[in-house]
Amino acid sequence: MSHAARPGESAPAAVLPRASASRQDAGHAAASLSAHCVDADGRVEATRRAELHAPIAGWIHGCSAREGDAVSAGQILLRILPTETDAAEHPIQAPWDGVIARAHARVEGREVAARTLLIELFDPDSLVLRFSVDGSRALGLAAGHKIQVHFDGAPANPMELTLTRAWPALEPETGRRICEARLPAHAGFVIGLAARVRLEPAEPVSTAPLGAAT
C-alpha cells in the first residue's frame, strides 16, 4: 500500500527492478561491442597451388587423375604424346604432395596445344580463410589476433580462429587490407566456402609526433 509524502518530506525515489536494470546494462554493453566490432566477408582459399600445363602440342595419354585425388611428389598424372614424330613424349608429374582441384584433361586421345592448362593442384595444409577489412578499421591488426567465424552451412556456433597474416599494404583499388587465418588441417574445408567474420580491432600503438619533447 503506497503512502503520500508528508509535508517537508521528499517523495520516495522510484526503484527499477534489479533484473530489468541488468538486462538493460547487458543490452547496452552488447550494442556497444557490436558497434565497435568489424564484420567482413571471407572465403576459403589455398595459398599453395600449382597449374600444370602441356609443355608441347600432343595427345593426352594415360590420364587417370580426377578431382579430389591425393597425389605424391613425382607421381605421373598423365603423358603427352607428341604430334611431331621426332619429339619425345612428356610425362606430367605432381611437383609436391597435394590434392587435385581441377582436372581439365579428362579425355584420352584428345589433342591439346602447347601451354594448355591440364591440372590444378593444391596443398590441403595451406588452406586459409581470407578476408579484407576497410583500411580505416584495420590499424592494429596483426598475427595472433582472435576472430569469430560463421561458415556457410555450418552450425550456428561460431568458430574461433587466429589471424596468421595481415598484408602490410592496402589494396590500391579498394583501400582494404587483406587478412588470413589458417584453418585446421583435415577439417573438411573446401576451397571457395564463404564465411562471415567478426573481429574486434586492437588499439593501434600510439607514437609521439616528430619533435615532441621526451
Side-chain angles (χ1 to χ4, degrees), residues 40-132 142-145 147 149 151-154 159-174 176-195 197:
D41 293 321
R43 194 168 297 276
V44 175
E45 298 186 21
T47 60
R48 191 185 190 197
R49 304 188 65 159
E51 292 184 344
L52 308 183
H53 296 78
I56 60 172
W59 292 280
I60 296 172
H61 176 70
C63 180
S64 59
R66 294 294 308 276
E67 288 82 353
D69 287 350
V71 297
S72 302
Q75 179 179 336
I76 296 177
L77 307 178
L78 58 91
R79 299 176 186 274
I80 300 296
L81 303 182
T83 54
E84 299 180 6
T85 56
D86 58 345
E89 70 174 36
H90 280 264
I92 306 300
Q93 298 174 291
W96 28 259
D97 296 350
V99 175
I100 293 177
R102 293 281 187 274
H104 301 279
R106 299 177 178 172
V107 181
E108 189 81 8
R110 172 167 292 177
E111 186 174 1
V112 294
R115 304 306 303 162
T116 297
L117 178 59
L118 302 174
I119 290 175
E120 296 178 56
L121 192 71
F122 75 97
D123 181 352
D125 292 332
S126 74
L127 292 182
V128 298
L129 178 67
R130 183 173 293 168
F131 61 95
S132 65
H145 202 94
I147 63 174
V149 182
F151 288 96
D152 284 0
M159 172 182 289
E160 184 177 83
L161 297 176
T162 301
L163 203 66
T164 52
R165 186 179 301 272
W167 291 19
L170 303 182
E171 291 292 280
E173 296 84 5
T174 62
R176 299 179 69 84
R177 188 179 190 185
I178 296 178
C179 302
E180 296 176 0
R182 185 170 296 280
L183 296 170
H186 312 295
F189 292 103
V190 295
I191 295 174
L193 180 65
V197 180

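When each of D97, D69, V99, V71 is paired with L121, the side-chain contact (heavy atoms from CB on, under 4.5 Å) condition holds for V71 and for no other. Put simply, the residue from V149, D41, I178, L163 that forms a side-chain contact (heavy atoms from CB on, under 4.5 Å) with F131 is L163.
Counted within 6.0 Å of CD on E160, heavy atoms from surrounding residues, nucleotides or ligands total more than 12; the atom is thus considered enclosed.
The two residues D125 and R182 come nearest to each other via the heavy atoms O-NH1, 3.0 Å. Nearest heavy-atom pair, A94 versus S72, reported as atom, atom and distance to 0.1 Å: CB-O, 3.3 Å. The nearest pair of heavy atoms linking A65 to A103 is O-CB, 3.8 Å. Closest non-hydrogen pair, P55 versus A114, comes out as O-CB, 4.2 Å. Across all their heavy atoms, G192 and R43 have their closest contact at O-NH1, 2.7 Å. Of all heavy-atom pairs spanning A88 and I56, the tightest one is O-CD1, 3.8 Å.
Between the NE2 atom in H90 and the CD1 atom in I76 there is a gap of 13.0 Å [rounded to 0.5 Å]. One finds the CG atom of L129 at 5.0 Å from the CZ atom of F151 (value rounded to the nearest 0.5 Å). Remark: E67 CD to H104 NE2 distance equals 8.0 Å, nearest 0.5 Å. Here CD1 of I60 is found 11.0 Å from CZ of R106. Values are rounded to the nearest 0.5 Å. Interatomic distance, I191 CD1 to R49 CZ, rounded to the nearest 0.5 Å: 4.5 Å. Going from atom CZ of R66 over to atom CZ of R102 covers 11.5 Å, rounded to the nearest 0.5 Å.
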Check: Would L127 and F122 satisfy side-chain contact (heavy atoms from CB on, under 4.5 Å), going step by step from the backbone distance to the final call?
Finding: CA-CA 9 Å; L127 292 182; F122 75 97; 4.2 Å; yes

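Listed by chain and residue number, A57, W59, E111 satisfy the side-chain contact (heavy atoms from CB on, under 4.5 Å) test with T83 (two or more places apart in sequence, or in another chain). For L78, the side-chain contact (heavy atoms from CB on, under 4.5 Å) criterion is met by C63, I80, I92, A105, L118, I119, not counting sequence neighbours. Not counting sequence neighbours, the partners of E180 by the side-chain contact (heavy atoms from CB on, under 4.5 Å) test are T47, V128, R130, T164, R165, W167.
Donor-acceptor pairing under 3.5 Å is recorded for the side chains of R176 and S132.
Looking only at side-chain heavy atoms (C-beta outward), V190 and V44 stay at 4.5 Å or farther from each other.
At least one donor-acceptor pair closer than 3.5 Å links the side chain of Q93 to the backbone N or O of G74. Counting only distance, with no hydrogens or angles, the side chain of E108 and the backbone of G62 share a donor-acceptor pair below 3.5 Å.
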